[in-house]
Every structure is written in structure tokens, then in C-alpha cells.
Amino acid sequence: MSSTTELFGSLVFNDVVMKERLPKDTFAKLQNTIKNGQRLEIDVAAVVANAMKDWAIEKGATHFTHWFQPMTGITAEKHDSFISPTKEGKVIMEFSGKELIQGEPDASSFPSGGLRSTFEARGYTAWDPTSYAFIKDGTLCIPTAFCSYGGEALDKKTPLLRSMEAINRQALRVLRLFGNEDVTSVRTTVGPEQEYFLIDKEVYEKRKDLIYTGRTLFGAKPPKGQELEDHYFGSIKPRVNAYMKDLDEALWKLGILAKTKHNEVAPAQHELAPIFTTTNIAADHNQLTMEMMQKVAKKHGMVCLLHEKPFEGINGSGKHNNWSISTNTGVNLLEPGDTPKENAQFLIFLCAIIKAVDEYQDLLRISVASAGNDHRLGANEAPPAIVSVFLGAELTGILESIENDTEYDAKKKEHLKIGVQVLPRFFRDTTDRNRTSPFAFTGNKFEFRMLGSSISISDANVVLNTAVAEELRQFADILCEADDFNSALNDLIKKTIKDHKRIIFNGNGYDDAWVAEAEKRGLLNLKTTPDCMPYMISPKNIELFTSHKVFSEAEIHSRYEISLENYVKILNIEALTMLEMAKRDILPAVSAFSKELSETASLKKAVSPKINCSYEEELLVRLSDAAASMFEKVKALDDALAATKDIGDALELAVYYKETVIGAMNGLRSAADELETMTAKNFWPYPSYGDILFSIK
Ligand code: ADP
Ligand code: MG
């Protein structure tokens with residue numbers, strides 16, 4: 001196989017393959033399930049399973065797996081072979097409808113946040129027919145949702161699917177009010193841009209911190225970092241180019257629309273963007289993309305780092321979640337239209353989003369919270385931890401004119417009527433891209449930029465879908481009661497702008513002045529994971545999720561527990577890794593170098609007492625002082641960790657790690673980094689930042 005068109009989707013059981021291989025009526029029934037969520041009967045599933053198996057075997061597969069996304073944030077799979085014994089002592093290859101529809105992996109080893117009682121360790125995986133099955137490493141992978149015996153979601157996919165149903169329901173109600181009768185379903189779409197670092201495998205293997213934690217816990221600043229800005233969109237090195245080509249091919253085979261690739265701001269940093277697709281599929285594809293990025297890197301003797309902050313002082317990695325809402329008739333509801341009706345409809349969806357972001361700032365912040373991402377948000381490289389909306393000058397002007405009942409000065413632009421209001425016809429915003437906004441309107445979609453590079457995009461989209469669904473519900477409730485639709489619409493838009501304009505901010509999000517201004521506006525500034533997590537279980541947020549049937553109250557509490565637990569576990573591993581590196585590698589290396597210096601000085605003095613040994617002697621004094629001070633920091637971190645044993649409450653423990661353990665870690669790091677600058681290179685136990693960041697030639 002050679003051409004890209006032939007390669008694309010060659011490992012995917014997609015519509016084309018289904019049409020080719022399934023009996024006509026089976027295909028029709030399956031399509032009905034995929035498009036309209038109709039239940040698939042077991043006898044139909046049996047036919048699909050058999051066709052899937054035959055297709056997979058032809059492609060060299062011997063096993064199948066239910067592929068799912070537990071709350072670890074990575075994907076899980078348990079492989080079963082297709083073989084089934086015959087009476088004659090041979091085997092045949094079998095795959096039943098039941099095996100396709102449902103699996104029963106042991107759930108006890110996955111995080112459940114207390115949902116799974118110990119006596120019932122069984123979990124269920126249920127086929128998600130809206131995401132195509134695919135072949136990976138000789139295994140037929142069936143995308144599935146994962147839940148407990150009692151039906152509680154234990155994964156990232158189930159709530160995402162529920163949230164898509166929620167926004168579908170409410171968006172349809174609004175569209176009907178605008179007289180849209182032909183639309184039968186509404187879906188959100190996502191195109192996630194993924195950032196990553198590529199470094200040489202040999203260098204990686206010498207760094208315990210990268211191996212255990214995915215980020216460097218020590219490392220003095222290299223002479224050259226990203227200050228020259230010579231990497232961004234720079235020419236791609238041949239080795240990286242070969243990697244990107246292989247990666248594209250691997251992704252294309254899996255039906256993933258990998259489209260754009262380029263170098264990012266930091267040395268060794270790159271980005272991949274796919275063409276957008278339905279959110280649920282985009283989430284699956286993003287998980288697969290991350291997996292493939294790491295796999296293909298190994299083949300090229302490199303390691304792909306997906307951590308949000310692999311290197312101190314160098315830009316970290318994020319994900320830009322480009323999000324929009326589309327109808328099954330192919331209309332992007334965030335595309336300003338040509339007619340007054342279309343524009344009014346656009347404005348109502350826009351208002352729903354503005355209101356949603358304002359009222360659920362806390363949940364949006366929580367949806368991107370992790371120990372890793374805490375390093376980015378708030379540092380001047382990623383959007384700040386304050387959630388705000390960028391609309392651009394033109395759209396903001398339009399909203400202001402509606403709010404104040406003034407005519408929008410659109411210069412020479414044609415005016416159109418929206419509702420009872422005279423408004424300009426508006427076009428894609430021509431204002432400059434604002435790169436500092438956490439939530440930016442970019443013409444026909446919003447770009448949510450706070451996501452960390454390693455996390456699943458599901459959480460963020462669950463919040464976006466559900467929060468917007470809630471605002472659409474409120475709007476539909478108001479509008480369907482109205483006697484005069486147009487004036488009710490106009491009032492609603494006006495009121496929404498008035499009440500929620502505080503969330504709109506078109507300026508520089510990195511500016512300190514914004515922090516003060518945001519505080520004045522009453523916006524939240526939740527800097528860290530322990531700061532934001534308590535908001536997750538507030539009555540307002542529980543009401544949101546339960547009323548739209550996205551989470552039960554028990555599910556919310558379980559996720560709250562898991563997030564806090566995860567935060568603590570990550571920091572604990574990092575702290576222990578630092579201690580091990582400090583005690584067993586760094587301090588002994590400094591001692592060895594000191595010994596060399598003192599021996600050299602003695603040898604020199606033996607030749608003649610008059611020989612100048614100031615280099616060895618002075619350095620020895622400085623090294624010894626610095627090592628002693630580092631040793632104090634080691635003891636301080638040891639003590640900080642020892643005190644965690646007395647804290648039982650999950651939130652209290654997370655706060656303690658944030659306030660005390662992180663401080664002790666930072667202290668130890670500065671002491672060690674200082675020593676790195678004084679210690680001879682051949683004594684230092686680890687490759688330097690320079691060695692790592694410029695390891696790909
Ligand atoms: P940028 O200037 O930010 O690079 P692009 O037009 O290249 O903008 O799009 C960036 C990402 O947004 C791509 O992944 C693209 O597929 C995605 N995108 C474009 N339109 C939509 C949409 N309607 N819904 C969701 N994502 C979209
Ligand atoms: Mg972008």
C-alpha cells in the first residue's frame with residue numbers, strides 16, 4: 001500500500017468496510033444505532049461481530065480487546081484471542097455478538113473513588129458503536145465505555161457520551177424555536193492541537209526523573225533556551241521529519257485526520273493538529289494519537305514527552321481544544337450566518353456559551369486541573385488560571401451595541417436586522433489572534449487553551465457540553481413561553497450580555513494588570529488543583545451534572561476523590577524521586593568531585609608548597625558549603641513527607657502537598673541546580689538541560 005488515500009483508515013472498520021461486508025439490513029440497523037442511538041439487537045450484533053472478526057483476521061489480527069479509558073487518564077485493554085476449541089482438539093476463530101457488545105474486565109485495579117465496593121470487583125465494558133473499531137498491534141480494538149456493576153461510570157467516555165446527549169437535547173429545542181425542523185441531531189465537534197517534546201532515548205534513559213515522573217526535577221538553566229525564538233515554525237530536523245512522517249502514516253491508518261505539524265516555541269517541542277471531528281471520536285483519536293506519538297518515537301530512538309512541564313524555564317506543553325456545535329445537516333452553529341435569522345441564532349448560541357463560561361468558570365478550571373498542568377497555568381506561557389472569553393473587537397462591539405441599544409458602527413458594512421434590533425452583518429473576525437486567552441473565539445469555533453498536554457480531552461468537553469446544554473435549556477424555557485419571539489429573543493440577548501460581560505476580556509492575559517482587573521470583576525483565580533477541587537462538589541455544580549444526567553452525585557464525589565488522590569500520588573512520586581537522586585547520585589557525585597579537588601591540591605602542594613591552589617581550595621569551600629546546604633534541604637523534604645502520615649482527609653492532604661511538600665521540593669532543587677553549575681561535567685550524574693534539549697541533531 002502506498003498512496004495516502006489507500007492508507008487512510010486501512011485499519012478501521014469504517015462505514016465503507018461495513019457497507020461492503022455487512023448484509024444490507026444489518027448495515028442499515030447498525031447505521032441507525034450509530035446515527036440515532038437506537039439499541040442494537042443481539043442477533044444483529046452477532047452478524048456485525050462475525051464480519052468484524054473476518055475483516056480483522058484478513059488484516060492479520062489474532063486477538064480482540066475492549067478498548068476503554070479508565071480514570072487513570074490513559075487507555076486500557078485486555079486482549080483475548082479469537083480462538084475457540086472444537087471437539088476434534090482444533091480451534092476455530094470466533095467472535096460473538098455478546099463479546100462485541102459487552103466485556104467484564106476486573107475493575108478492582110482501576111481507580112473508582114470508592115464507587116466499586118470491594119465485594120463487587122466486576123466492571124463492565126459496553127461497545128460504543130459511534131466510534132469505529134480499529135486494529136492496533138494485531139488486535140481488533142473495540143471502543144467501549146467502562147462502568148461498575150451498579151452502572152456507575154468508571155471512565156472518561158461514558159460522561160462524554162452523556163454530555164453529548166444533553167447538548168443535543170437542548171440545542172434541538174432551541175433550533176426548533178427558530179423554525180429549524182429538518183435538523184434531527186446536534187453534535188459538538190473538536191479538533192485538539194497536541195504539543196509534545198522529542199528527545200533522544202539515550203539521554204532520557206540517564207534521567208531517573210524523566211523515567212519515573214515524565215519531567216525533570218533537577219537541571220540548571222542551559223546557556224541557550226528559547227530566548228532566540230529560533231525554533232518556532234523553524235525548519236524541521238531530518239530525524240524529527242522522519243518521525244513525523246511515520247507518525248502521520250500510523251495515524252492515517254487508524255483513520256485519524258492528522259493534518260498540521262510544526263515546531264513549537266521551545267527547543268525540541270513540536271505540535272500536531274488533526275482535522276476536527278465529532279467530540280467523542282476526537283477524544284478517542286487524541287488518546288490514540290498520544291499512544292502512537294510515544295510508540296513511533298521509540299522506533300526512531302527517541303522519547304516523546306507528553307508532560308505539561310518537562311523542563312523548568314522552558315515553555316510547557318498544552319492542548320488546544322477547538323470546539324464548535326454542528327447540526328446533522330452540516331451547519332456550524334458558531335458560524336455567523338448570512339440572514340438575520342441565522343445571525344440571531346448564532347447570537348443565542350454565542351450567549352449560551354458566554355453565560356456557560358461565566359457561570360461554570362470553576363468547572364472549566366477543574367476540568368484541566370492536574371499536578372502537571374499547575375506548572376503551566378499562571379506561568380507566563382499558557383493562559384492564566386483565570387477563565388475568561390476572548391471575542392475580538394468586532395463581535396464585542398456588536399454585543400455592546402445590543403446591550404446599549406445603539407447602532408453598531410460597522411463602517412461600510414451592510415446592516416441586517418436581527419430580531420427587533422438593527423445590527424450589522426458580520427463576518428469572520430479579522431482581529432489579530434489573541435494567544436493569551438484561555439477561551440478564544442476564532443471565527444467559527446472556540447479554542448479552549450487551558451488543557452494540559454497529557455490529559456484526556458474528555459473532562460473539558462464534558463464540562464463545555466453540559467454547561468452550554470444548561471444555558472440552552474434555560475433559553476429554550478424562556479423563549480418557548482414568549483408571546484413575541486423576536487422581542488423575547490432581543491431581551492434575552494441583552495440580559496445575558498449585561499449579566500455576563502465580566503467574563504469577556506480581549507486584552508493580554510499574561511499581564512499582571514489583568515489579575516487585578518479580574519479580581520475586581522469577581523472572576524475566580526484558582527491557581528492550583530487543591531484550590532479548585534472543592535468547587536467540584538458545590539451544590540450548583542452537582543445540580544448541573546445531575547439534572548442533565550451526566551453524572552450522579554456519587555459519580556461526582558468519586559471523581560473528586562480520584563483527582564485529589566492522583567494529585568497527591570504524583571507529587572509523592574516526584575518527591576521520592578528527588579530524594580533518591582539527591583541522596584544516591586547528586587551528593588555522592590559532589591563528594592567525589594570534592595575529593596578530586598582536595599587530592600589535586602595536596603599533590604600540587606607536594607610538588608611545592610608555593611604552588612597556587614586557590615582554584616581547588618576556594619571551589620572546595622564553596623562546594624562543601626553548597627553540599628551542606630543541599631543536605632539540609634534533603635532532610636527538610638524527608639521531614640515534610642514524614643508528616644503526611646498524620647493527614648487523613650484527601651483535600652487536606654492535597655493542600656499540604658501544595659503548601660509544604662512543593663516548597664521543600666523547590667528548595668532542594670535550587671540547591672542541587674546551584675551545585676550543578678559548580679561541579680565538573682564528568683562528575684555530574686545526569687545529562688544537563690543543554691544535553692537533553694539539544695539532543696536531537
Ligand atoms: P489555527 O489558526 O488555530 O491553527 P485552524 O483553522 O488551523 O486554526 O484550526 C485549528 C484546529 O481547529 C484544527 O484542528 C481544526 O480542525 C479545528 N477546527 C476547525 N474548525 C472547527 C470546528 N468547526 N469545530 C471544531 N474544531 C475545528
Ligand atoms: Mg490554535
Side-chain angles (χ1 to χ4, degrees), residues 8 130-131 160 163-164 167-168 171 175 183 185-196 232-233 244 247-248 251-252 254-265 269-290 292-293 317-337 342 345-346 349-350 352-353 356-357 382-383 389-392 395 427-451 453 456-458 460-465 468 509:
F8 189 82
T130 63
S131 185
L160 184 60
S163 74
M164 293 190 62
I167 196 164
N168 175 50
L175 290 178
V183 176
S185 78
V186 172
R187 284 175 186 185
T188 55
T189 51
V190 165
E193 300 164 58
Q194 173 78 47
E195 290 179 341
Y196 61 99
Y232 192 50
F233 279 45
M244 287 177 167
L247 177 61
D248 274 345
L251 296 176
W252 289 338
L254 290 168
I256 297 171
L257 294 152
K259 173 89 175 163
T260 322
K261 49 188 183 185
H262 61 78
N263 286 353
E264 262 298 331
V265 177
Q269 193 184 31
H270 313 280
E271 182 186 290
L272 183 145
I275 296 172
F276 70 97
T277 178
T278 307
T279 305
N280 160 40
I281 293 166
D284 284 358
H285 282 181
N286 184 249
Q287 292 297 132
L288 276 174
T289 299
M290 291 194 284
M292 287 300 154
M293 281 179 160
S317 300
K319 258 195 269 249
H320 290 176
N321 190 80
N322 294 276
W323 180 92
S324 191
I325 321 175
S326 273
T327 68
N328 64 317
T329 52
V331 178
N332 178 354
L333 295 170
L334 296 188
E335 183 93 57
E342 281 170 2
Q345 189 180 285
F346 163 75
F349 278 92
L350 183 72
I353 295 167
V357 176
V389 177
F390 170 88
L391 289 181
L395 205 45
F427 302 92
R428 266 177 175 247
D429 199 331
T430 46
T431 46
D432 257 2
R433 279 295 166 89
N434 178 320
R435 302 206 163 269
T436 65
S437 172
F439 200 81
F441 186 66
T442 52
N444 60 357
K445 61 185 187 289
F446 275 97
E447 189 168 344
F448 185 28
R449 301 199 177 111
M450 291 171 87
L451 286 75
S453 49
S456 159
I457 64 168
S458 295
N461 287 294
V462 166
V463 172
L464 271 175
N465 291 344
V468 175

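Values below: every heavy atom of this structure, side chains too, minus hydrogens, waters and symmetry copies. Whatever order the structure lists ligands and atoms in, that order sets their numbers, starting from 1.
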H270 vs Y196 aromatic rings, parallel, tilted or perpendicular, using cut-offs 30° and 60°?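 Plane angle between 30° and 60°, so tilted.
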Answer side chain, backbone, both or neither: which part of [X] comes under 4.0 Å from ligand 1, heavy atoms only.
X	result
E447	side chain
E193	side chain
T260	neither

May I have the step-by-step check of side-chain contact (heavy atoms from CB on, under 4.5 Å) for N322 and F276, ending in yes or no? CA-CA 8 Å; N322 294 276; F276 70 97; over 6 Å; no
Answer yes or no: does an N/O atom from [X] fall short of 3.5 Å to an N/O atom of ligand 1?
X	answer
V190	no
T189	yes
A273	no

Side-chain contact, heavy-atom cut-off 4.5 Å: T260 with E271? no
Per-atom contacts, ligand 1 versus [X] - under 4.0 Å to a heavy atom:
X	result
N332	23 (N)
I275	16 (O)
G191	14 (O), 25 (C), 26 (N)

As an exercise, state the distance from CG of L160 to OG1 of T188, rounded to the nearest 0.5 Å.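 The CG atom of L160 sits 7.0 Å away from the OG1 atom of T188.
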Nearest 0.5 Å, what's the OG-CG distance between S458 and D284? 7.5 Å
Is it true that the side chains of N461 and T279 contain a donor and an acceptor less than 3.5 Å apart?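 Checked: N461/T279 side chains show no N/O donor-acceptor pair below 3.5 Å.
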Does T442 have a non-hydrogen atom less than 4.0 Å from ligand 1?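 Outside the 4.0 Å threshold, so no.
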For the side chain of N465 and the backbone of I167, is there at least one donor-acceptor N/O pair under 3.5 Å apart? no
